[in-house]
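I have placed the structure first, in the form of structure tokens, so that the comments after it can refer back to it.
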Amino acid sequence: MKTFVCSVLCVLCLSVINNAAHGQLTSTFYNKVCPTALSIVKAAVTKAVNNEKRMGASLLRLHFHDCFVNGCDGSILLDDNSTFTGEKTAGPNANSVRGFDVIDTIKTQVEAACSGVVSCADILAIAARDSVVQLGGPTWTVLLGRRDSTTTSLSAANNNIPSPTSNLSALISSFTAHGLSTNDLVALSGAHTIGQARCTTFRARVYNESSIDTSFATSVKANCPSAGGDNTLSPLDLATPTTFDNKYYTDLRSQKGLLHSDQQLFSGGSTNSQVTTYSSNQNTFFTDFAAAMVKMGNISPLTGTSGQVRKNCRKAN
């Protein structure tokens with residue numbers, strides 16, 4: 001009898017620990033209160049990505065930049081007001097983050113279906129998954145139930161999002177501070193298999209660094225002058241910039257990483273072997289990326305009665 005009771009208590013303890021680790025999020029959160037929520041998001045993302053392939057990368061990046069600043073709470077969507085300066089003008093985001101109009105459209109449609117129920121933070125998480133799938137990448141079960149913050153922090157956005165000039169140790173430290181492992185870092189960096197970067201973020205690499213393929217550097221310079229043209233774009237994955245695949249890792253092995261921080265993952269350090277694995281096994285990359293996205297989506301969510309469900313993602317209720 002004692003053994004049975006102990007077993008039951010152990011199961012209950014593990015259940016409590018598991019719920020705490022996942023911030024009380026669940027895949028079925030909207031099944032009864034807003035059963036059409038996920039299909040509404042998917043349809044809107046599909047339309048947006050079909051209209052502009054780059055939007056898939058933009059929506060994925062919104063979720064990442066949201067989660068790395070005080071958790072996955074939709075704070076990146078807040079406009080400046082008289083009380084605070086939001087995250088949109090922070091260094092990593094200014095003239096860079098985009099897709100806010102798509103989120104606005106989704107929110108309007110979701111509110112029409114079930115008002116005051118689906119959070120902006122959850123919309124970001126779902127849209128990120130649907131964007132990856134739309135571009136040929138893996139799917140995963142998005143855990144839901146996040147609530148939205150009512151405030152944000154410009155300084156946190158400036159300090160908590162990894163810089164494209166970061167070295168490997170800085171990248172590892174940044175991800176560790178958010179509860180993510182080095183393996184998560186390498187897997188999540190694979191998001192750079194889609195999307196584009198501004199000249200200002202990689203100019204120093206293509207003009208000054210030696211750990212770069214010469215012909216690749218020359219081709220990129222054609223679209224990124226040594227002075228001026230800061231906002232000129234180049235694809236992060238030159239071969240298949242609108243397909244979610246493992247070519248990013250192949251590029252790294254050939255010293256064709258566009259950003260300094262990208263190439264740091266294959267620069268003779270501890271992450272070389274993982275890059276090599278992903279470059280030759282896309283299924284392994286997809287599996288690890290999906291798991292890491294779920295883990296990232298669980299960074300300090302607001303749940304229960306914390307925060308609110310914003311009716312307009314750009315401002316608190």
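Reckoned from all heavy atoms, side chains included, excluding hydrogens, waters and symmetry mates. Every value quoted in this text rests on a predicted model; they were computed, and no experiment measured them.
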### Task
Only counting residues at least two apart or in another chain, list the ones meeting side chain to side chain contact (heavy atoms under 4.5 Å, CB included) with Asp288.
Ala187, Tyr278, Thr284
For residues 195-202, tabulate all N or O donor-acceptor pairs below 3.5 Å that involve a side-chain atom, not counting sequence neighbours.
{"from": "Arg198", "atom 1": "NH1", "to": "Asn231", "atom 2": "OD1", "distance (Å)": "2.9"}
{"from": "Thr201", "atom 1": "OG1", "to": "Arg198", "atom 2": "O", "distance (Å)": "2.6"}

### Summary
So the salt bridge (Lys or Arg N to Asp or Glu O under 4.0 Å) pairs with at least one residue in residues 294-304 (sequence neighbours excluded) are Asp184-Lys295
Anything under 3.5 Å between a donor and an acceptor, one on a side chain of residues 28-35, the other on a protein residue two or more places apart or in another chain? List them.
{"from": "Thr28", "atom 1": "OG1", "to": "Thr26", "atom 2": "OG1", "distance (Å)": "3.1"}
{"from": "Tyr30", "atom 1": "OH", "to": "Ser119", "atom 2": "N", "distance (Å)": "3.3"}
{"from": "Tyr30", "atom 1": "OH", "to": "Asp122", "atom 2": "OD2", "distance (Å)": "2.6"}

### Message
Restricting to ring pair (Phe, Tyr, Trp, His ring centres under 6.0 Å), what partner residues turn up for Phe68, sequence neighbours left out?
### Response
Phe64, Phe175, His178
### Residue pairs passing the salt bridge (Lys or Arg N to Asp or Glu O under 4.0 Å) test where at least one lies in residues 215-244, sequence neighbours excluded
Arg203-Asp230
### ring pair (Phe, Tyr, Trp, His ring centres under 6.0 Å) involving His260 - partner list, sequence neighbours excluded
none
### Task
State which residues pass side chain to side chain contact (heavy atoms under 4.5 Å, CB included) with Thr108; sequence neighbours excluded, sorted by chain then number.
none
#### Entry: Selection residues 96-108 - residue pairs positive for salt bridge (Lys or Arg N to Asp or Glu O under 4.0 Å), sequence neighbours left out
Glu52-Arg98, Asp104-Arg314, Lys107-Glu111
### Query
Can you list the residues that meet the ring pair (Phe, Tyr, Trp, His ring centres under 6.0 Å) rule with Phe266, with sequence neighbours excluded?
none
### Summary
Residues passing the salt bridge (Lys or Arg N to Asp or Glu O under 4.0 Å) test with Lys247, sequence neighbours excluded, are none
#### Entry: For Phe84, all residues meeting side chain to side chain contact (heavy atoms under 4.5 Å, CB included), sequence neighbours excluded
Leu78, Asn81, Thr151, Thr152
